Amino acid sequence: KKMTTEFTVRTRDSLELWAVDKNSKVGRKQIISEKEVKTSIFSQTGTHLAWFDGEFIIVLNLESGNEECRIPKAHTLDLVFSPLGTYIASFENYASRKGEAPEPNCCVWMVAGGEQVYTYAQKSRSMWKPQWTSDESFLCRQTSNNVLIHEGADPSNAETTKAVSLENLRTFSLAPNQPTPRFAVFQLGKKGMPSSVRVYAGPNFSVPLCNKSFFKAEEASFKWNQQGTEVLASTTTSVDKTGKSYYGEKFLYHMSCNDGTSVNITPDKDGPIQYCEWAPNGKEFVVIYGFMPATAALFNYKSDVVKDLGTGHRSLVKFNPSGSIFCLAGFGNLRGEVEFWAREKREMINKILATNSISFEWSPDSRHILSAITSPALKVDNRFKVWHYTKGEMFSEDFKELLAVEWRPVPAGMFTPRPLSPIPVRAKEAVKTGLKETAYVPPALRRKMAIEEEKKKKEEDEKTKEEEKKAKKKAKKKNKLERNTSSTESSTSVVGNIEEMSDEDKKKKIRNLKKKLRQVDDLKKKQQDGATLDESQLGKVEKEKDLLDEIAALEK
């Protein structure tokens with residue numbers, strides 16, 4: 001059985017399932033829906049796919065092919081699955097009437113059967129998503145000044161709900177793979193008081209595990225390692241008082257839940273923190289920092305730099321699921337250069353150019369990447385591409401309007417870690433000399449140029465085919481001439497030899513020649529029935545007259 005990875009392709013007209021096999025062959029596997037799909041999402045286990053078609057939330061079991069539930073919810077904007085795929089939650093726009101309690105706009109449903117188990121109201125779309133512990137024993141969600149912790153089996157039971165009160169709470173993030181709730185929060189400081197990032201863990205939420213206070217912070221985001229033991233807190237301010245950046249200041253802090261320490265990641269270059277990402281092993285992370293061209297560095301769990309990755313136009317870091325490779329990429333207003341690095345050897349192994357990509361994600365097999373130019377971010381040149389980390393672009397498909405692509409998750413351990421593929425000469429050259437610079441082409445001219453290039457390529461292909469046809473005709477003519485010459489020579493020599501042959505030898509020769517004639521007759525019948533003869537068979541048919549002449553000479 002071939003190991004394949006799958007992904008959804010969502011356009012204005014349909015939702016489709018595509019597949020990539022281990023040989024990088026890409027093809028459409030199944031049309032899921034032929035209606036316009038507003039949003040779609042895989043469960044974290046990869047067993048279910050949910051989508052909203054404008055009327056219903058539909059959940060499909062991909063393993064059995066059966067529909068799990070169909071929930072009428074006409075104004076759904078977003079969906080999220082629980083870690084094990086037991087629950088699915090939906091979000092609608094918040095609405096309230098004066099003097100009345102707001103209607104719940106967030107709902108949690110059982111996937112099997114679609115039974116509603118919990119509802120609540122939440123104004124902010126950025127704060128609406130419920131977060132479950134990995135075993136779904138607890139459901140946590142954020143309110144204005146609280147983190148509510150519900151028992152997962154019965155989230156609507158107020159008696160089993162804990163409320164952790166946190167004044168001026170702005171951001172909340174639950175750690176993965178922890179048996180009890182462990183979460184990081186950002187609290188905005190009051191006038192004259194610092195802001196703070198804190199980490200709390202159950203069952204006692206009164207004292208934080210880690211605490212870091214600072215004055216320069218208005219917003220914060222968190223990146224947990226896969227083990228839920230370390231967290232990177234990125235804070236920002238709207239104004240850079242030094243005047244160096246129009247976009248404000250950014251800072252990065254590394255906080256450890258094991259010993260409660262926190263470290264300020266201090267870059268050795270002026271400029272903001274562009275991006276950070278943990279390696280799957282949870283012991284290393286990469287940070288991109290500084291003004292463009294930005295510097296990238298690999299840090300260990302002690303926050304020490306273990307490898308300077310040089311400078312470049314980068315704004316994104318992505319590790320493959322096995323953690324053997326990571327890529328440094330520059331999208332948005334950058335050119336789209338992508339560098340692939342071997343984590344253990346800490347060396348660059350390839351460079352590609354994925355211009356204008358809106359999304360860029362590793363496949364679960366750790367060898368392929370799916371990039372896409374999607375609408376509404378870009379209205380032209382909508383397409384997705386599948387790449388191999390050493391071979392480059394393997395497949396591309398254009399669309400009039402592509403909305404989203406998403407890899408289907410797989411169970412842990414389905415793809416065992418493999419050694420790195422051999423690095424081709426082309427990849428080595430790209431690393432050594434860099435990618436060729438190309439002139440900027442305005443969006444309005446790109447389609448026209450693509451059509452012209454396609455036309456030129458077609459003309460070149462037709463020209464090549466015509467030249468090949470002429471060469472074949474010439475070779476065929478030459479072969480025929482050579483055969484005629486040789487047959488003339490052989491017939492002359494035969495006539496000369498007949499006089500020296502005995503009657504017995506003549507009879508034997510005639511039997512052999514008639515046998516060849518029968519073979520010629522068989523070939524002619526095949527040709528009349530529509531079969532195509534090869535060069536040697538055609539040569540035998542053309543020798544029919546020579547065979548008849550030779551038999552006539554022998555029978556005199």
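On a predicted model such as this, the values are computed, not experimentally measured, just so you know.
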Contact between E361 and I369 at the side-chain level, heavy atoms closer than 4.5 Å - yes or no? no

Between E277 and K318, is there a side-chain N and carboxylate O pair less than 4.0 Å apart? no

For residues 298-310, the side chain to side chain donor-acceptor pair (under 3.5 Å) pairs (sequence neighbours left out) are H254-S303

Of all heavy-atom pairs between F7 and A19, which one has the smallest distance, and what is that distance? CE2-N, 4.4 Å

Is the shortest side-chain N to carboxylate O distance from K35 to E55 below 4.0 Å? yes

Below 4.5 Å, heavy atoms only, C-beta onward: do F172 and C140 meet side chain to side chain? yes

Ionic contact status for E6 with K29, cut-off 4.0 Å: yes

With a 4.0 Å cut-off, would you call E542 and K540 a salt bridge? no

Evaluate the criterion side-chain contact (heavy atoms from CB on, under 4.5 Å) for residue pair W109 and V117; output intermediate values, then yes/no. CA-CA 6 Å; W109 321 80; V117 295; over 6 Å; no

4.5 Å side-chain heavy-atom contact, F319 and R343: yes

Can you tell me how far CG of N382 sits from CZ of R12, rounded to the nearest 0.5 angstrom? 10.5 Å

Could you tell me the separation between the CZ atom of F52 and the OG1 atom of T76, rounded to the nearest 0.5 Å? 4.5 Å

Decide, yes or no, whether a salt bridge links E397 with K385 under the criterion of side-chain N to carboxylate O below 4.0 Å. no

K73 to F91 six-membered ring, cation-pi geometry met (6.0 Å, 45°): no

For F331, ring pair (Phe, Tyr, Trp, His ring centres under 6.0 Å) partners two or more places apart: F360

For W51, which residues count as a side-chain hydrogen bond (donor to acceptor under 3.5 Å, both in side chains) partner, sequence neighbours excluded? none

Under 6.0 Å between ring centres: does that hold for F395 and W387? no

